[in-house]
Amino acid sequence: TAEIGVDKLVGFLENDRQFRCGGGDLRAIVASAMVRTTLGINKLRCASLAEDLLAFLSSFHVEIVERLLPGRISALPDLLFIPRPKHASTRFIGSWVCACLSCAVMMVSQWAAWLTSPIIEDAIEGGSAEASTTQRNPTQTITFNLDVGMTSEEQLGYELGAIGVAPDKAERHFCRDTCNAACAICRTAASMKVEESLFVGRLAVVLAPVSGDVIALPGAWREHPDTSEGASIRRAEAKTLALARRRPLGDLGEEYINVVVPAMPSFDWERMPGPEAPLSAPPELAVLPLLKVAPGSLDAAAPSALHGVASGVRSALVKVRGRWWRLKGCGNGTEGFPVEAKGDAGELNVRGCCFQHTADTELRMTALAAEALAAADFDCANQPVASFRYKPEAEWPLPRIDRYCALFETLGNARLGDHLIAGLLELLPHVVSEPPGKGFEEVRAAIVSGRACADPSDLWPTSMVTSCGMPTADVASQLTKSGHALAESAPPLADEMGGKIPADLHDTWNAASSVLGSELEVGREATGEPSGLLWLAWRLGWECGLAVRALHAADISWGTYADTMGVHCNAHVNNFVVKPPTVGRQTTFLAALDFDMAFTKAGFVPEAMVERASLGFDSWEGLLNFEATMGMKTVLSGDTFASTGVANSAVVPESHALVEMAFRDTLVCAYEAALEGSPDAHPHNAAMRAAAYQFIRLALCLTTH
């Protein structure tokens, strides 16, 4: 034959002893390699077979390497397409590790046998010192021929090594070498690490081991006492403890007379006696508690210190053995655990840590919340693992207050409010073009129609509309009805953003910008949506409503109450993390967390909230209503009335005020629809999701500060 096509090439690669490739993807890889050659043909020509084959093999190599890059390799069904020569030359694939591994196994086996082999010491049984030594030293020999595949230079190097002239290590490469900018794998890994920082954090911290205990989860938690007569004594004791915690801890001593701790209106969670649950933390986190320390300090230089990223002031994330772990309460920055005046009347509070009752609450309530959220097909961001108890130092002024840290495996850290929504609002003028001449009149008309406004000329901000209990608009649906759409396009390159994008994120920003337009076009065509941003706003608001509805249906309060340190409401947008694209359920963007103040209806103590009856806190229904309305809904609208945990400080230019209003209205409208169990007007779509994650990357690049 004059030409060799894809099928014959596949057969050659499968059967030739220098390749022995296989797998279901092999044919597609070969076809792609043919397309990307510089030959401009899809078959090898026998007349120029040597040149054509070399060109094909070069492209074949690139195709294989691209599939093995970080981020792609884990999605492959198999790796059988990688060439597996019968006798590989170490010149091309690196040193053969089997020799080292086999010797290591042999040495460990020998040592174990020496330790455990029986010894015949009794002379009556024929034992002797010589026999004993022989039995404890089993002979094992492995011989390797390392000559095959070496170049003459490599062979000479090893021969000279035998007389003390070893090969120069500077000429060899090791796994800890600096990344090579020209290496595709190094570039991809570095790019993935930078993008990962958008979702987990970028403020570096160091955690060092300190004295204390690592406490595993209990085998079981004791249920709260019910209202039966048999549980009356235990219930009374639990209620007394909950009410007593609402006052300063003067019972502990004179130095505690003005000290307070968080006082949720609920019973404490109790650990059942018996064996603890197996500790699932890696060894780096399972031996001693960890505490944030100053970079450059002696503690930070300890070999067992871990490097991570900050999460707020008192928490941190560390990546250990390929997984991310959250340490909640591991120090107030690098100050340790200062005692500060934080109460309404100047009461003192320990900062930077959890306490036994709040750590146990978060461990238990996170598990209960995860069950409730999973039933609604939604992710919980944290998985409970253990807790740390820090040993009091000699100078610690409150030795009767134990300081705790709760440990979780976690999905991420970028927050919906301060990072994503703030970033999307800052992004608006860069991706939404104002129609020339008439401005955003179609958007105004859509808001007016969706709100059913009596006076179209007087549009109130979403926060005011929401706080007055008035309806908000599903702006995307109104635009579709009127036949209009938002003009959305890619933002300028990072260099043109006036220094807003950190230098190491320029490639991430530019990569997202380069594909946003095409992916947005595909998504909008697949769904008929008039706007990718408004679709994303609907999804985010919907997921907030879905989570609150699921928790409330399971009789869980996210954490709404008042104590000496003020009014608390944990049902807000910063208690959702934005998941990396491949993490968790692939039909949602968010995952819920922060349940250290959460409690159940069964554990609720309404007597603790009598003084806050005006807010409705003295009844279960009143608490949940506050969470659903004054909590989550007002924060989505842009207000901060019920939350001290969300800045809501994004500033949008006046030119795009109507687009911001449309975005905020959509968030709230979607939230209410999900909370009420109404139909999902803008359901999840895979093509829109791909475009939405480009918006998310761009937004997070703008809020790394």
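Quick caveat: nothing in here was measured; it's all calculated off a predicted structure.
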Engineer: Looking only at heavy atoms, what is the nearest atom pair of E426 and L702, with distance?
Structural biologist: OE1-O, 3.9 Å
Engineer: Does some side-chain heavy atom of S266 sit less than 4.5 Å from a side-chain heavy atom of M597?
Structural biologist: no
Engineer: Are M264 and V605 packed together at the side-chain level, in the sense that at least one heavy-atom pair is separated by less than 4.5 angstrom?
Structural biologist: no
Engineer: Run the side-chain hydrogen bond (donor to acceptor under 3.5 Å, both in side chains) check on E672 and W542 step by step: do they pass?
Structural biologist: CA-CA 8 Å; E672 291 187 300; W542 179 270; over 6 Å; no
Engineer: How long is the straight-line distance from CD of Q383 back to OG1 of T410, given to the nearest 0.5 Å?
Structural biologist: 10.0 Å
Engineer: Show the nearest heavy-atom pair for residues A628 and Y671, with the distance to one decimal.
Structural biologist: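 The answer is O-OH, 2.7 Å.
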Engineer: If you define the side chain from C-beta out and look only at heavy atoms, does anything of P295 sit under 4.5 Å from H307?
Structural biologist: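 In short, these two side chains do not touch, never coming nearer than 4.5 Å.
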Engineer: Quick check: does any side chain N or O of R415 sit under 3.5 Å from a backbone N or O of N413, one acting as donor and the other as acceptor?
Structural biologist: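 Between the backbone of N413 and the side chain of R415 there is a qualifying donor-acceptor contact (under 3.5 Å).
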Engineer: Between Y390 and R403, is there a side-chain donor-acceptor contact under 3.5 Å, judged purely by atom types and distance?
Structural biologist: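 On atom types as modelled, these side chains do not qualify, holding no pair under 3.5 Å.
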Engineer: Go through V668 and L636 one step at a time and tell me if the side chain to side chain contact (heavy atoms under 4.5 Å, CB included) criterion holds.
Structural biologist: CA-CA 6 Å; V668 176; L636 282 169; 4.1 Å; yes
Engineer: Check this for me: I257, atom CD1, are more than 12 non-hydrogen atoms of other residues, nucleotides or ligands nearer than 6.0 Å?
Structural biologist: no
Engineer: With no hydrogens and no angle check, is any side-chain donor or acceptor of N574 less than 3.5 Å from a backbone partner on D418?
Structural biologist: yes
Engineer: Look at the aromatic rings of F604 and W620 and report parallel, tilted or perpendicular, splitting at 30° and 60°.
Structural biologist: tilted
Engineer: Would you call D680 and R539 a salt bridge, using N to O less than 4.0 angstrom?
Structural biologist: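 Salt bridge present between D680 and R539.
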Engineer: Taking only Lys NZ, Arg NE, NH1 and NH2, and the carboxylate oxygens of Asp or Glu, determine whether R364 and E223 approach each other closer than 4.0 Å.
Structural biologist: yes
Engineer: Going from CG on N570 to OG1 on T560, what distance comes out if it is rounded to the nearest 0.5 angstrom?
Structural biologist: 7.5 Å
Engineer: So do the side chains of M565 and E347 get within less than 4.5 Å of each other, counting heavy atoms only?
Structural biologist: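 In short, these two side chains do not touch, never coming nearer than 4.5 Å.
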Engineer: I'd like to know whether CD of Q586 has more than 12 heavy-atom contacts from other residues, nucleotides or ligands below 6.0 angstrom.
Structural biologist: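 Correct, the count exceeds 12.
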Engineer: How far does CD1 of I401 sit from CG of L249, to the nearest 0.5 angstrom?
Structural biologist: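 It comes to 5.5 Å.
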Engineer: With the threshold set at 4.0 Å, does a side-chain nitrogen-carboxylate oxygen contact exist between K319 and E284?
Structural biologist: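 Between E284 and K319 there is no salt bridge, as every charged N stays at least 4.0 Å from the carboxylate O atoms.
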Engineer: To the nearest 0.5 angstrom, please state how far the CD atom of E543 sits from the CG atom of D377.
Structural biologist: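 Taking CD in E543 and CG in D377, the distance rounds to 10.0 Å.
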Engineer: Could you tell me whether the side chain of L667 reaches within less than 4.5 Å of the side chain of I421, counting heavy atoms only?
Structural biologist: yes
Engineer: So, for G333 and K292, which heavy atoms are closest and what is the spacing to 0.1 Å?
Structural biologist: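 Where G333 meets K292 most closely, the heavy atoms are O-CB, 3.3 Å.
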Engineer: Please name the pair of heavy atoms, one in L363 and one in F408, separated by the smallest distance, quoted to 0.1 Å.
Structural biologist: CD2-CE2, 3.9 Å
Engineer: Has E627 got a side-chain atom pairing as donor or acceptor with A571's backbone, closer than 3.5 angstrom?
Structural biologist: no
Engineer: Quick one: does W221's side chain get under 4.5 Å of M272's, heavy atoms only?
Structural biologist: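 Not in contact.
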Engineer: Checking D299 against S297: is there a side-chain donor and acceptor pair closer than 3.5 Å?
Structural biologist: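 Per modelled atom types, S297 and D299 side chains form no pair under 3.5 Å.
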Engineer: Would V309 and R202 count as a side chain to side chain contact (heavy atoms under 4.5 Å, CB included) if you check the C-alpha gap in whole Å, the side-chain angles of each, and the deciding distance to 0.1 Å?
Structural biologist: CA-CA 6 Å; V309 291; R202 293 165 56 82; 5.8 Å; no
Engineer: Please report the shortest heavy-atom distance between A300 and A294, naming the atom on each side.
Structural biologist: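 Smallest interatomic distance, heavy atoms only, reads CB-O, 3.5 Å.
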Engineer: Tell me if the aromatic rings of F589 and Y693 count as close, with their centers under 6.0 Å from one another.
Structural biologist: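 Centroid separation for F589 and Y693: below 6.0 Å.
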Engineer: Salt bridge check, D563 against R246: does any charged N sit closer than 4.0 Å to a carboxylate O?
Structural biologist: no
Engineer: State whether D379 and R585 are salt-bridged, where the test is any N-O pair (Lys NZ or Arg NE/NH1/NH2 against Asp/Glu carboxylate O) under 4.0 Å.
Structural biologist: yes
Engineer: Hey, would you say the F617 and F626 ring centroids sit under 6.0 Å apart?
Structural biologist: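 That pair passes the under 6.0 Å test.
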Engineer: Between S311 and R326, which heavy-atom pair has the shortest distance, and what is it?
Structural biologist: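 Minimum heavy-atom contact is OG-NH1, 3.1 Å.
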Engineer: Please check if the distance between the ring centroids of W269 and H224 is under 6.0 Å.
Structural biologist: yes
Engineer: Hey, does the side chain of E607 reach the backbone of L243 with a donor-acceptor pair shorter than 3.5 angstrom?
Structural biologist: no
Engineer: With a 4.0 Å cut-off, would you call K633 and D665 a salt bridge?
Structural biologist: no
Engineer: Hey, mind stepping through L207 and C330 against side chain to side chain contact (heavy atoms under 4.5 Å, CB included) and telling me if it holds?
Structural biologist: CA-CA 8 Å; L207 299 106; C330 56; 3.8 Å; yes
Engineer: Please determine if D594 and K328 form a salt bridge, counting it only when a charged side-chain N lies under 4.0 Å from a carboxylate O.
Structural biologist: yes
Engineer: Within this structure, what is the SG-NE2 distance for the pair C701 and H419, rounded to the nearest 0.5 Å?
Structural biologist: 12.5 Å
Engineer: Would a distance-only check, ignoring hydrogens and angles, find a side-chain to backbone donor-acceptor pair under 3.5 Å from D596 to A359?
Structural biologist: no
Engineer: Checking the side chain of H552 only, and the main-chain atoms of L675 only, is there a donor and an acceptor separated by less than 3.5 Å?
Structural biologist: no
Engineer: Quick one: does any side-chain atom of R314 pair with a main-chain N or O of F337 as donor and acceptor, under 3.5 Å?
Structural biologist: no
Engineer: Could you verify whether a donor N or O on one side chain and an acceptor N or O on the other, from T227 and R235, lie under 3.5 Å apart?
Structural biologist: no
Engineer: When you check the gap from the basic side-chain N to the acidic O, do D268 and R245 get nearer than 4.0 Å?
Structural biologist: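 The answer is yes: the pair qualifies as a salt bridge.
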Engineer: Measure centre to centre between the rings of W325 and F388, then say whether the value is under 6.0 Å.
Structural biologist: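 No, the ring centres sit 6.0 Å or more apart.
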Engineer: Counting only N and O atoms by type, is there a donor-acceptor contact under 3.5 Å from the side chain of R664 to the main-chain atoms of T462?
Structural biologist: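 Pair absent, no side-chain N/O of R664 close to backbone of T462.
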Engineer: Report yes if the side chains of L373 and C380 come closer than 4.5 Å at any heavy-atom pair, otherwise no.
Structural biologist: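 They are in contact (side-chain heavy atoms under 4.5 Å apart), so the answer is yes.
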Engineer: Looking at F267, I'd like to know if the NZ or CZ of R222 sits under 6.0 Å from its six-membered ring centre while staying within 45 degrees of the ring's axis.
Structural biologist: no
Engineer: Taking it one step at a time, do D639 and T466 satisfy side chain to side chain contact (heavy atoms under 4.5 Å, CB included)?
Structural biologist: CA-CA 9 Å; D639 203 344; T466 301; over 6 Å; no
Engineer: Quick one: does N349's side chain have a donor or acceptor within less than 3.5 Å of a partner on V260's backbone?
Structural biologist: yes
Engineer: Is W396 reaching over with its side chain to a backbone N or O of K391, donor-acceptor style, under 3.5 angstrom?
Structural biologist: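 Side chain of W396 to backbone of K391, a donor-acceptor pair under 3.5 Å: no, none is there.
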Engineer: Once rounded to the nearest 0.5 Å, what's the spacing between atom CG of N575 and atom CE of M632?
Structural biologist: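 So the CG of N575 and the CE of M632 are separated by 7.5 Å.
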Engineer: A side-chain contact here means heavy atoms from C-beta on lying under 4.5 Å apart; do I696 and L700 qualify?
Structural biologist: yes
